[in-house]
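This structure is a prediction, so every number in the text was calculated from the model and none was measured.
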Amino acid sequence: MPRTRLSLSAIRRLRALASVVVAAPDLHSAAGALADGVAAVLDVPAAVERRLLDATAGGLAGPVPPALSAPVGLVMPAAEASGAGPATRLHLGSHHGEAWDLVIESDVRRRRDRLVFDDLARQWSSALDAPEMRHRTTRVEAIVGSAYAFARKLTRVHGSTALRQFILDAMAQSVGAQQGALALMDELDGRLRIPNTYGYPSVLVEHVRLQPGVGVMGRVFETRRPLLVRDIGDLPTYRSRRSRYRTASFLAVPLLANGDVLGVVSLTDRVDGRAFSRDDLTTLRALAAPAALALVSERLRERGRELAHAATVDPLTGLFNRRYFQTRLDEEVERARRYSLDLALLLADIDNFKQFNDTLGHLAGDYMLKQVADVLKRSVRMFDVCTRFGGEEFAILMPGSSVANAMVVAERIRTRVVASSRDDTTLPPDTRVTVSLGLAALTPEVTSQELIARADRALYRAKNEGKNCIRTV
């Protein structure tokens, strides 16, 4: 092993390397320039070694080797790369989440030279901050731009399924992951389910339920902290990995909004086969915030639609309710008058319903209402407004229908109700369900309430004239 004795010329040339390092475009180029410069000045092999400060990020810290905790500039003995004997290691501080050491295959014995190297190491460490800051600035600008573009695209995705898949796809592609999964909390059973996957079929995990605190996703969900694992072998609790994974590195980030954890995105298998980095984790965390807000917004929209549906639909029959009917009636009357269109109204009432209810019970009565409602839905056009008007009475608003056309539909309803009850084995054999129908058409002098009154009078006639028939005003 050669010994190094520094001349004044060598010291000046070694100090000048700081400016070379500062001018380097990135950290990797800076490391190469420093090692090459030292080797050229001293005429001995030199290299910059980088070692991870910890095995993981996000709370699962691994052991830190004692050498990595040395102060910047400390001259320490190091094993020579060839294994021939001691070398000199200069600790250059921590950069980009790694501990950097300059290893020189030479033995520095003189105290004066060791002090010079100690001072040089501090200069080089400070010089390395310049390309690191440029890298961070460029990286931050790229992340901000990516997050902004991602947030804009989120506003154009509609539907919870499409939104979830877009979020997972975008996050996986942003860090070059080949496989990933999105887990969301199921509020019904308090466990995580996996509705969306990336890189493999979702059918493999659609029945999986994860308990908070258990496994990778469960732990990230419970702790609300992201997890970066460069090698799963470094974790005592997660030594096994599934056969479908190619690498031992993975990322998992929680989706947080308003202090609540909505779910977890987990990604693995970088395209280049390397371990995920802190830059990858930073990228995912930047995308997780708008993703969580988009999921909250979509959830609110879904609940709004559910409330709107509940406010307009009868829960028993699935038909529109009377409140919705009244709103549509006013709209259709106004439209019919403005454009001189036909408008017909049918009122249908189940014959002898009270007797059925008292004899067979309320459950049988509910069943009968649902069966008649199903006949009505199958007998009218898709744009006709079919509603439960109240009790056992139904109303059908028929835009653009004349009395003749409405009469055909009414007869279809009447005959189908009779046929349906005849073929229904659920009801007692001697039970026959029929309906009476009243029909009215809009005329210039009739208001919406008068139209209802006319149809009601027609229905009253049908009831009085034998039931199971159709009458009109």
Practice task
Inspect the surroundings of CZ in Arg305 and state if more than 12 heavy atoms from other residues, nucleotides or ligands are less than 6.0 Å away.
Solution key: yes
Exercise for the section: Could you check if a side-chain atom of Ile350 sits within less than 4.5 angstrom of a side-chain atom of Phe394, using non-hydrogen atoms only? Expected result: yes
Exercise for the section: Please indicate whether Arg412 has more than 12 foreign heavy atoms, meaning atoms of other residues, nucleotides or ligands, lying under 6.0 Å from its CZ. Expected result: yes
Handout entry: Val433 and Ser420, any side-chain heavy atoms less than 4.5 Å apart
Key = no
Problem - Non-hydrogen side-chain atoms of Glu411 and Thr415 separated by less than 4.5 Å - result: yes
Problem - Asp189 side chain vs Arg191 backbone, donor-acceptor pair below 3.5 Å - result: yes
Problem - Arg209, CZ: over 12 other non-hydrogen atoms inside 6.0 angstrom - result: yes
Exercise for the section: Begin from the C-alpha positions of Ile470 and Met407 and carry the test side chain to side chain contact (heavy atoms under 4.5 Å, CB included) through to its verdict. Expected result: CA-CA 8 Å; Ile470 307 164; Met407 186 64 76; 3.5 Å; yes
Problem - CZ/Arg416: more than 12 non-hydrogen atoms of other groups inside 6.0 Å - result: yes
Handout entry: Salt-bridge criterion met for Arg219 and Glu222 (N-O under 4.0 Å)
Key = no
Practice task
Answer whether the closest heavy-atom distance between the side chains of Asp349 and Leu347 falls below 4.5 Å.
Solution key: no
Exercise for the section: Decide yes or no on side chain to side chain contact (heavy atoms under 4.5 Å, CB included) for Thr431 and Ser421, but give the supporting numbers first. Expected result: CA-CA 7 Å; Thr431 302; Ser421 69; over 6 Å; no
Problem - Side-chain donor-acceptor pair present, Asp351, Ser436, cut-off under 3.5 Å - result: yes
Handout entry: Where Ala462 and Leu437 come nearest, the two heavy atoms and their spacing
Key = CB-O, 3.7 Å
Problem - Ser146 side chain vs Ile143 backbone, donor-acceptor pair below 3.5 Å - result: no
Handout entry: Ion pair Arg299/Glu302, N-O distance below 4.0 Å
Key = no
Exercise for the section: Hey, can you tell me if Phe325 and Phe389 have their rings parallel, tilted or perpendicular (30° and 60° cut-offs)? Expected result: perpendicular
Handout entry: Asn468/Val417 under side chain to side chain contact (heavy atoms under 4.5 Å, CB included): CA gap, chis, key distance, verdict
Key = CA-CA 10 Å; Asn468 192 24; Val417 169; over 6 Å; no
Practice task
Search all heavy atoms of Ile413 against all heavy atoms of Val375 and return the closest pair with its distance.
Solution key: O-CG1, 4.1 Å
Practice task
Considering non-hydrogen atoms only, spot the tightest contact between Gln165 and Thr197 and give its length.
Solution key: NE2-O, 3.0 Å
Problem - No-hydrogen, no-angle side-chain donor-acceptor test under 3.5 Å, Ser402 and Asp342 - result: no
Practice task
Decide if atom CZ of Phe353 counts as having more than 12 heavy atoms of other residues, nucleotides or ligands within a radius under 6.0 Å.
Solution key: yes
Handout entry: Side-chain heavy atoms of Leu281 within contact of Phe276, under 4.5 Å
Key = no
Exercise for the section: Measure from the side-chain N and O atoms of Ser249 to the backbone N and O of Ala275, and report whether any donor-acceptor pair falls under 3.5 Å. Expected result: no
Completion exercise
On a heavy-atom basis, the closest approach of Val409 and Ser379 is CG1-O, 3.8 Å
Handout entry: Lys/Arg N to Asp/Glu carboxylate O, Glu332 vs Arg335, below 4.0 Å
Key = yes
Exercise for the section: Would you mind telling me which of Arg274, Arg285, Arg270 makes a side-chain hydrogen bond (donor to acceptor under 3.5 Å, both in side chains) with Asp280? Expected result: Arg270
Handout entry: Arg388/Asp314 salt bridge by N-O under 4.0 Å criterion
Key = yes
Problem - Shortest non-hydrogen contact between Ile452 and Leu345, atoms and distance - result: CA-CD2, 3.8 Å
Exercise for the section: Working to the nearest 0.5 Å, report the span between OG1 of Thr327 and CG of Asn321. Expected result: 9.0 Å
Practice task
Could you tell me whether Arg338 and Glu331 have a side-chain N and a carboxylate O separated by less than 4.0 Å?
Solution key: no
Problem - Worked check of side chain to side chain contact (heavy atoms under 4.5 Å, CB included) between Arg50 and His28 - result: CA-CA 10 Å; Arg50 301 186 300 273; His28 294 290; 3.5 Å; yes
Practice task
For Leu300, look at atom CG and say whether over 12 heavy atoms of other residues, nucleotides or ligands are found less than 6.0 Å away.
Solution key: yes
Handout entry: Non-hydrogen side-chain atoms of Thr387 and Arg322 separated by less than 4.5 Å
Key = no
Handout entry: Gln173 vs Tyr198 side-chain heavy atoms within contact, under 4.5 Å
Key = yes
Problem - pair Asp169-Asn196: side-chain heavy atoms closer than 4.5 Å - result: no
Handout entry: Note: Lys354-Asp358 ion pair, threshold 4.0 Å (strictly below)
Key = yes
Practice task
Determine, for Lys463 against Glu392, whether the closest basic-nitrogen to carboxylate-oxygen distance falls under 4.0 angstrom.
Solution key: no
Exercise for the section: Measure across Leu92 and Asp101 and return the closest heavy-atom pair with its distance rounded to 0.1 Å. Expected result: N-OD1, 4.2 Å
Practice task
Would you kindly say whether Ser401 and Arg381 are connected by a side-chain donor-acceptor distance under 3.5 Å?
Solution key: yes
